[in-house]
Every structure is written in structure tokens, then in C-alpha cells.
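Heads up: the structure comes next, in C-alpha cells.
Because only heavy atoms are used, hydrogens play no part in the values below, and waters and symmetry mates are left out as well, while side chains stay in.
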Amino acid sequence: MDIDASLVSSLLRAQHPDLAGLEVRRVPGGWDNQLWRVGGELAVRLPRTPGAPDLLRKEQRWLPALAPRLPLPVPVPVRTGAPSAAFPCPWAVVTWVPGEPGDRATLTRGDDAAVRLAGFLAALHEAAPAEAPVNDVRGGLLSGRGTEFEEHLGAVADLLTDAELSDVCSLWQQALAAPEWTGAAVWLHGDLHPANVVVADGTLAGVLDFGDVCAGDPATDLAAVWLLLPSVAVPWFFRSYEPVGEATLRRARGWAVLRALSLLAIGRAYERGLPGGQPGWDRAGRAALDRLGAARRAG
């Protein structure tokens, strides 16, 4: 359905009248949810894909409990919106996280960003309770993502050089051969890529979109090291994060390969005018593959 500022204002007026007088402005981007800024400190998230309402409910359930221990700002749900005749899905009012989306900004202070990312993940990656959500796509076994890998690779293989193809396939096979995670399932963001972080003053300034929050193998989130950080900053991350074993490192690089291929495919879809495309994501995917190739060659 068409969503405009007048609809957002009417939803606020009907369910949260104390917020109805605040200025409403559309924010570009968003995948499952359309984002509207409300005043200077809040935002409204409105689902726009079939699975988005469930993801939104999950955020509302778990993020308020996780946010206080996280060292970077996150969009904490502060109000809920009920389905109505005006808008048939649940929606949410969240805190606004200032900064530029990471897929449209440059990290000029890579070392600082690496330390911040390490602190964020170290704080998040605590043992999750038994009732924490499970997400096989994000927090499950990498071996279960073989079909996804083949589909993404097939969609972009013609864009890769022989050396890049060799890097991708080698890193993927090394990840599959690595021993599985045997520790406690930890809390995961589940979808850390450039569009889900914000940048300010050249460094990491916030983390967005916790719809895939779940419990599982920390290697899933550690893939963000190559998706987000310049190569020269990667050592800073691993000096700041808790020690990472070789098996976890190999699995993390496998997850990063999978995400990088996905970003490349989504960017290509945008260039071709296909559904689900996003501008600039191909550049983010290409940059990640370059970093991963360099990491492989460095051993």
C-alpha cells in the first residue's frame, strides 16, 4: 500500500496523540520496514514485506532487554502500533539513531570503528536464554546454506575474475570443513552489513535492524569484520574482541563470503531494475570480497 507522511501522522494521531504534533519525514532505505523520522529523537517503522511484522514483534520482545548493555546506540522500541483499518500491520515507534547509513558513508577512522565493533559484539555475544529465538538462516549451521551459496554465486560469477572465484570457493570450502561451534549459543544480531549500521565522524556510530536477532554461533556476526571494516583495521578488531579460534575464524569468513555474494547480487538486481535491488550494495559486496581475498592470501 502507499505510505505517505499524512498516513504516518494519522496513525500517530489515532494511537499516540502526544506524538501527533511532531514533524514527520521519510527516510530513504529500509528493506523489510519503511522508516519515517518523527521529530528529532524518534522514528516510525512500518512493515512492507510479508515477513516484516514477525521481525518487528521479535525486536519489540527482545531489544529493550538487550539494548542497555550495548555500547552503541540502537533503535529501541518505545511504543507499539496496533493494526487498524488505516494500516493492517503492527508498527513501532523507536528511538532515532543519528548518523549516515553505512552503505552510503565512508569509514575514515577505521581503527576506531574496529574497536567500537569489537566492543559491541563482545557485549552482545553473551549466552542466550533457552527461550531466545532460533533462526536457521542466520544463526544455524553454515553447511545448511549450500543452496543459497550456489544461487548467489551463480548470479554474479560472471562479474568475478578467476582469482576471485578461486578465493570465494576456497574460503567457502575451508569454512564448511571447519569444526562446528560447540559453545553456548550466544545472542546474535544476525544481519550485520553496511546498510544496517550508521556512521558519524568517520566511525561506527550505531547499529540498526534487529529483526533477525537470534541465538547461535558467533561466527555469523564476526563476518561483519570483512563486510564493514577496511582491511587495515581488521587487526584492531581481533585485538579488541575476545580470542577467536581458528575454526570460528574460518566459519566467519565463510559467512562473510555468503553475505558478500548476496550484496553483490542485490546491487546487480538494482542495476537491472529487478525486484529487491538496492543501489550501491554491489560496491559493498565487491569491497568485502576484496578484503576476504586479501585475508586468504595473507593466511
Side-chain angles (χ1 to χ4, degrees), residues 1-8 10-12 14-16 24 26-38 43-64 74-77 79-94 101 103 131-140 144-152 154-155 188-197 207-216 220 255 258-259 261-281 284-285:
M1 64 182 297
D2 292 330
I3 301 173
D4 56 22
S6 62
L7 173 61
V8 179
S10 70
L11 292 174
L12 291 171
Q15 299 191 34
H16 301 285
V24 173
R26 171 75 185 273
V27 179
W31 186 273
D32 291 296
N33 297 279
Q34 192 175 106
L35 190 65
W36 292 80
R37 192 168 180 182
V38 177
V44 166
R45 301 186 74 204
L46 297 162
R48 63 179 180 184
T49 64
D54 286 340
L55 300 179
L56 203 62
R57 292 187 188 98
K58 186 161 49 167
E59 287 184 334
Q60 292 173 324
R61 166 68 177 86
W62 294 105
L63 194 51
V74 299
V76 182
R79 306 279 184 95
T80 59
S84 64
F87 190 74
C89 298
W91 48 280
V93 181
V94 302
D103 58 333
E131 64 272 21
V134 176
N135 184 333
D136 290 338
V137 175
R138 301 295 184 182
R145 309 264 53 85
T147 299
E148 183 181 353
F149 172 79
E150 295 295 340
E151 289 176 349
H152 290 329
L188 304 174
H189 177 280
D191 197 21
L192 276 175
H193 59 75
N196 283 344
V197 301
V207 179
L208 310 176
D209 198 349
F210 283 74
D212 286 307
V213 65
C214 61
T220 308
W255 279 110
L258 188 64
R259 302 289 182 246
L261 292 175
S262 175
L263 291 170
L264 197 56
I266 291 169
R268 184 176 222 189
Y270 175 81
E271 291 181 350
R272 293 179 169 180
L274 299 175
Q278 292 286 343
W281 286 28

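Residues passing the ring-ring contact (aromatic ring centres under 6.0 Å, His included) test with W281 are W31, H193, sequence neighbours excluded. A search for salt bridge (charged side-chain N to carboxylate O under 4.0 Å, His left out) contacts involving D54 returns R57, not counting sequence neighbours. For R37, the salt bridge (charged side-chain N to carboxylate O under 4.0 Å, His left out) test picks out no residue, with sequence neighbours left out. Remark: D4 pairs with S6 by the side chain to side chain donor-acceptor pair (under 3.5 Å) rule, at least two apart or across chains.
For the pair H16 (side chain) and L11 (backbone), a donor-acceptor distance under 3.5 Å is absent. N33 places no side-chain N or O within 3.5 Å of a backbone atom of R45 that could act as its donor or acceptor partner.
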Anything under 3.5 Å between a donor and an acceptor, one on a side chain of residues 81-91, the other on a protein residue two or more places apart or in another chain? List them.
| unit_1 | atom_1 | unit_2 | atom_2 | d |
| --- | --- | --- | --- | --- |
| S84 | OG | A86 | N | 3.3 |
| S84 | OG | F87 | N | 3.3 |

Which pairs would a plain distance check flag for residues 268-280, meaning a side-chain donor or acceptor within less than 3.5 Å of a matching protein atom at least two apart in sequence or in another chain?
| unit_1 | atom_1 | unit_2 | atom_2 | d |
| --- | --- | --- | --- | --- |
| R268 | NH1 | A155 | O | 2.9 |
| R268 | NH1 | D158 | OD1 | 2.8 |
| R268 | NH1 | D158 | OD2 | 3.4 |
| R268 | NH2 | D158 | OD2 | 2.6 |

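Here the side chains of C214 and V134 are not in contact, with every heavy-atom distance at 4.5 Å or above. Contact annotation: the side chain of N135 approaches that of K58 to within less than 4.5 Å [non-hydrogen atoms, C-beta and beyond]. No side-chain heavy atom of L7 sits under 4.5 Å from any side-chain heavy atom of L46.
The heavy-atom pair separating Q60 from A92 by the smallest distance is NE2-CB, 3.3 Å. Nearest approach of P133 to W62, heavy atoms of both residues: CD-NE1, 3.4 Å. Here the shortest heavy-atom pairing between H152 and S262 reads NE2-CB, 3.6 Å.
A side-chain contact (heavy atoms from CB on, under 4.5 Å) with L192 holds for exactly one of V207, D209, T220; it is V207. Checking V93, L35, V94 one by one against V44, the side-chain contact (heavy atoms from CB on, under 4.5 Å) holds for a single residue, V93.
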**Request:** Begin with the C-alpha distance, continue with both residues' side-chain angles, and end with the deciding distance and a verdict on side chain to side chain contact (heavy atoms under 4.5 Å, CB included) for Q34 and R26.
**Result:** CA-CA 8 Å; Q34 192 175 106; R26 171 75 185 273; 3.5 Å; yes
